[in-house]
Amino acid sequence: AFRKLNIEFINYDAVDFEEQTEAYFLGEDNNGEGRLRIKITALKKEKGELIYTLLHETVHAFNSKYFGDEVSNFWLEEGLAQFIGFKITEELGYTSGLKEQNEELNILCENADKSFISLWSPNFYLKSNNEEIQCEDVLTSPIPLGYAHSYQIVKALSEKYTLNIF
């Protein structure tokens, strides 16, 4: 395990990759400590949202430490981080609006082509920003749709195999 998991709150001036993300896991530093970076604006959010963000990124830290940094299935990595983050946030008595957004997006895009998820990576789409997916009468970015589908896959696996790990 990490000796320590440092959380850095940052304020970016430029709009770049980091500015487009709420938070992210930076990996392990030279001292064997993990690093999470969260935008300072997260402190203004509802308590449940902040708790969820910390839990979500902590799952990434755990996965990195025990399974390595080479992620071949981003949908699994992100789906697990969301599933566990939502589950623990709710068990602590809080909610995250992101879960509701995911569920609404999955309903809206129920009949859309989901084949993109097998090679989906938020990093790729954050850098390109030029692709959209048709869902009913709405064009949507593959970033939130990928997160929504990732969560839906892990949730469905959990329900099918009764993986009540908490």
Side-chain angles (χ1 to χ4, degrees), residues 17-27 34 36-39 41-42 45-166:
F17 171 79
E18 287 82 10
E19 178 64 16
Q20 295 178 55
T21 61
E22 184 70 31
Y24 54 98
F25 174 66
L26 293 168
L36 297 180
R37 187 168 279 174
I38 301 174
K39 285 176 24 181
T41 53
K45 294 187 176 231
E46 295 287 326
K47 192 173 184 179
E49 295 296 334
L50 180 57
I51 289 170
Y52 165 76
T53 299
L54 290 169
L55 290 167
H56 178 105
E57 296 305 325
T58 301
V59 170
H60 288 311
F62 177 88
N63 288 346
S64 173
K65 181 68 177 177
Y66 291 99
F67 304 114
D69 288 327
E70 294 301 317
V71 177
S72 58
N73 292 311
F74 278 95
W75 64 263
L76 180 59
E77 175 77 20
E78 292 300 339
L80 283 171
Q82 289 182 92
F83 182 80
I84 293 169
F86 292 144
K87 185 122 173 112
I88 294 174
T89 299
E90 289 170 357
E91 288 189 8
L92 292 172
Y94 297 97
T95 60
S96 170
L98 183 58
K99 180 179 179 184
E100 209 171 275
Q101 289 173 13
N102 280 353
E103 291 171 348
E104 289 171 4
L105 195 52
N106 278 321
I107 290 168
L108 177 68
C109 299
E110 185 175 19
N111 297 320
D113 179 13
K114 296 177 181 75
S115 62
F116 79 98
I117 199 69
S118 64
L119 299 174
W120 176 80
S121 163
N123 301 344
F124 171 77
Y125 290 108
L126 281 168
K127 292 175 184 171
S128 68
N129 253 351
N130 59 0
E131 189 173 331
E132 292 184 317
I133 295 174
Q134 185 76 39
C135 291
E136 299 297 326
D137 296 332
V138 178
L139 282 174
T140 187
S141 163
I143 296 172
L145 187 57
Y147 279 103
H149 286 337
S150 298
Y151 169 69
Q152 182 182 37
I153 292 167
V154 171
K155 180 181 173 195
L157 289 170
S158 173
E159 290 169 352
K160 179 175 173 103
Y161 297 103
T162 60
L163 299 176
N164 188 358
I165 57 175
F166 300 100

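On a predicted model such as this, the values are computed, not experimentally measured, just so you know. Count residues from 1 along the sequence.
Across all non-hydrogen atoms, the minimal contact from Leu55 to Gly85 is CD1-O, 3.8 Å. Between Ala81 and Val59, the shortest heavy-atom distance links the atoms CA-CG1, 3.6 Å. Considering every non-hydrogen atom in both Ile117 and Ser150, the closest pair reads CD1-OG, 3.9 Å.
For the pair Gln101/Leu98, a side-chain contact is recorded, criterion being any heavy-atom separation below 4.5 Å from C-beta on. The closest side-chain heavy-atom distance from Lys99 to Tyr52 is not below 4.5 Å. When side chains are defined from C-beta on, Asn102 counts as touching Phe86, because their heavy atoms get closer than 4.5 Å. For the pair Pro122 and Tyr147, the minimum side-chain heavy-atom distance is below 4.5 Å. Side-chain contact check for Val154 versus Ile84: every heavy-atom pair is 4.5 Å or farther apart. In this structure, Glu78 and His60 have side chains that are in contact, with non-hydrogen atoms separated by less than 4.5 Å. In this structure, Leu105 and Pro144 have side chains that are in contact, with non-hydrogen atoms separated by less than 4.5 Å.
Taking OG1 from Thr58 and NZ from Lys65, the interatomic distance works out to 14.5 Å, rounded to the nearest 0.5 Å. To the nearest 0.5 Å, atoms CG (Asn73) and OG (Ser121) are separated by 11.5 Å. Between Ser64 atom OG and Glu77 atom CD the span is 8.0 Å, to the nearest 0.5 Å. Here the CD-CG distance, from Gln152 to Asn106, works out to 3.5 Å after rounding to the nearest 0.5 Å. With values rounded to the nearest 0.5 angstrom, Thr89 atom OG1 is found 9.0 Å from Leu54 atom CG. Between atom OG of residue Ser96 and atom CD1 of residue Ile88 there is a gap of 13.0 Å, rounded to the nearest 0.5 Å.
Judged purely by atom type and a 3.5 angstrom limit, Gln134 uses its side chain to pair as donor or acceptor with the backbone of Glu136. Here the side chain of Trp120 pairs a donor or acceptor atom with the backbone of Pro142 at under 3.5 angstrom.
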task = Report the C-alpha distance between Leu145 and Cys135 in whole Å, list the side-chain angles of each, state the deciding distance to 0.1 Å, and finish with yes or no for side-chain contact (heavy atoms from CB on, under 4.5 Å).
result = CA-CA 10 Å; Leu145 187 57; Cys135 291; 4.1 Å; yes
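Shown here is Phe116, whose CZ atom has more than 12 heavy atoms of other residues, nucleotides or ligands within 6.0 Å. More than 12 heavy atoms of other residues, nucleotides or ligands sit less than 6.0 Å from atom CD of Glu103.
Residues passing the salt bridge (Lys or Arg N to Asp or Glu O under 4.0 Å) test with Lys47, sequence neighbours excluded: none.
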